[in-house]
Amino acid sequence: MTTCIFCKIANGDIPAEIVYEDDQVLAFRDLNPQAPLHVLVIPRKHIATINDLTPEDEALVGRMYLAARQVAGEAGLATRGYRTVMNCNSEAGQSVYHLHLHVLGGRSMQWPPG
Ligand code: 5GP
Ligand code: ZN
């Protein structure tokens, strides 16, 4: 039995507001949104961090970005713009160790990030 919270969401064991899903990836709204649009795109397969990606995951990562593109497009943000972020390990602020791509938009953003 998995203890990973995002595996549980992918398996339907805990609820989430899903905005996109296919056979390989899932996108759902962040519980603690940092922007009007804040969606997390995850692979169904458990991968802890970017460091754990292998060449066989190449297409899967591409699928995550295509899902992000679709979610942002459906939110009307394709032209206005949006940000995708994937944190890796503690100094980057990763708190859930199941790969996830943040899709943030609907407000102006600063650079560099904090
Ligand atoms: P990280 O800090 O690892 O890059 O991002 C983890 C994100 O997952 C955070 O933005 C946090 O709000 C979100 N999160 C943590 N637990 C849950 C949950 O159970 N459901 C949802 N929808 N989001 C979660
Ligand atoms: Zn997991």
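Both counts, for ligands and for their atoms, begin at 1 and track the order of listing.
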Legend entry - Part of Leu31 with heavy atoms under 4.0 Å of ligand 1, whether side chain, backbone, both or neither: both
Legend entry - Shortest protein contact, atom 7 (C) of ligand 1 (heavy atom only): Asp30 OD2, 3.5 Å
Inset, instruction - Please determine if Leu40 has a nitrogen or oxygen closer than 3.5 Å to a nitrogen or oxygen of ligand 1. - result: no
Inset, instruction - Would you check whether Phe6 reaches within less than 4.0 Å of ligand 1, judged by its heavy atoms? - result: yes
Inset, instruction - Check ligand 1 against Ser95 and write out every atom of the ligand that is under 4.0 Å from a heavy-atom position of the residue. - result: 1 (P), 2 (O), 3 (O), 5 (O), 6 (C)
Legend entry - Whether Glu21 side chain and Leu26 backbone form a donor-acceptor pair below 3.5 Å: no
Inset, instruction - Would you give the length of the straight line joining atom NE2 of His38 to atom CZ of Arg83, rounded to the nearest 0.5 angstrom? - result: 11.5 Å
Legend entry - Metal-centred angle, the Zn ion (ligand 2) as apex - ND1 of His98, SG of Cys4, 10° resolution: 110°
Legend entry - Where Met86 and Ile50 come nearest, the two heavy atoms and their spacing: SD-CG1, 3.5 Å
Inset, instruction - Specify side chain, backbone, both or neither for His100, according to which of its non-hydrogen atoms lie closer than 4.0 Å to ligand 1. - result: side chain
Inset, instruction - Determine the sole option in Ile18, Val19, Thr84, Leu101 for which the side chain to side chain contact (heavy atoms under 4.5 Å, CB included) test with Val39 is passed. - result: Val19
Legend entry - Any N/O pair Gln94/ligand 1 closer than 3.5 Å: no
Legend entry - Distance, nearest 0.5 Å, that separates CG of Asn87 from OH of Tyr97: 9.5 Å
Legend entry - Side-chain (Gln34) to main-chain (Asn32) donor-acceptor, under 3.5 angstrom: yes
Inset, instruction - Please work out whether any backbone atom (N, CA, C, O) or any side-chain heavy atom from C-beta onward of His102 is under 4.0 Å from ligand 1, and answer side chain, backbone, both or neither. - result: side chain
Inset, instruction - For atom 15 (C) of ligand 1, find the nearest protein heavy atom and state the residue, atom name and distance (0.1 Å precision). - result: Val96 CG2, 4.0 Å
Inset, instruction - Could you list which atoms of ligand 1 come closer than 4.0 Å to a heavy atom of Ile5? - result: 19 (O)
Inset, instruction - Rounded to the nearest 0.5 Å, what's the gap from OG1 on Thr2 to CG on Asp13? Could you check? - result: 8.5 Å
Legend entry - Heavy-atom check, side chain of Arg63 versus side chain of Asp23, under 4.5 Å: yes
Inset, instruction - List the atom of Pro36, the atom of Gly106, and the distance in Å for their closest heavy-atom pair. - result: CG-O, 3.4 Å
Inset, instruction - Would you check the N or O atoms of Phe28, main chain and side chain alike, for any that come under 3.5 Å of an N or O of ligand 1? - result: no
Legend entry - Subset of ligand 1 atoms that lie under 4.0 Å from at least one heavy atom of Asn87: 4 (O)
Inset, instruction - To the nearest 10 degrees, could you say what angle the Zn ion (ligand 2) makes with ND1 of His46 and SG of Cys7? - result: 110°
Legend entry - Asn32 neighbourhood, listing ligand 1 atoms whose heavy-atom distance to it stays under 4.0 Å: 12 (O)
Inset, instruction - Assess Val85 for proximity to ligand 1: is some non-hydrogen atom of it under 4.0 Å away? - result: no
Legend entry - Minimal non-hydrogen separation, Leu37 against Ala75, with atom names: CD2-CB, 4.0 Å
Legend entry - From CA spacing to verdict: ring-ring contact (aromatic ring centres under 6.0 Å, His included), His100, His102: CA-CA 6 Å; His100 51 281; His102 294 260; 5.1 Å; yes
Inset, instruction - Output yes when a side-chain donor or acceptor of Gln94 lies under 3.5 Å from a complementary backbone atom of Val96, and no otherwise. - result: yes
Inset, instruction - Heavy-atom contacts with Ile9 under 4.0 Å: which atoms of ligand 1 show up? List them by number with element. - result: 20 (N)
Legend entry - Protein heavy atom at shortest distance from atom 22 (N) of ligand 1: Arg29 O, 2.9 Å
Inset, instruction - Examine the proximity of ligand 1 to Ala16 and report which part, side chain or backbone, both or neither, has a heavy atom under 4.0 Å away. - result: neither
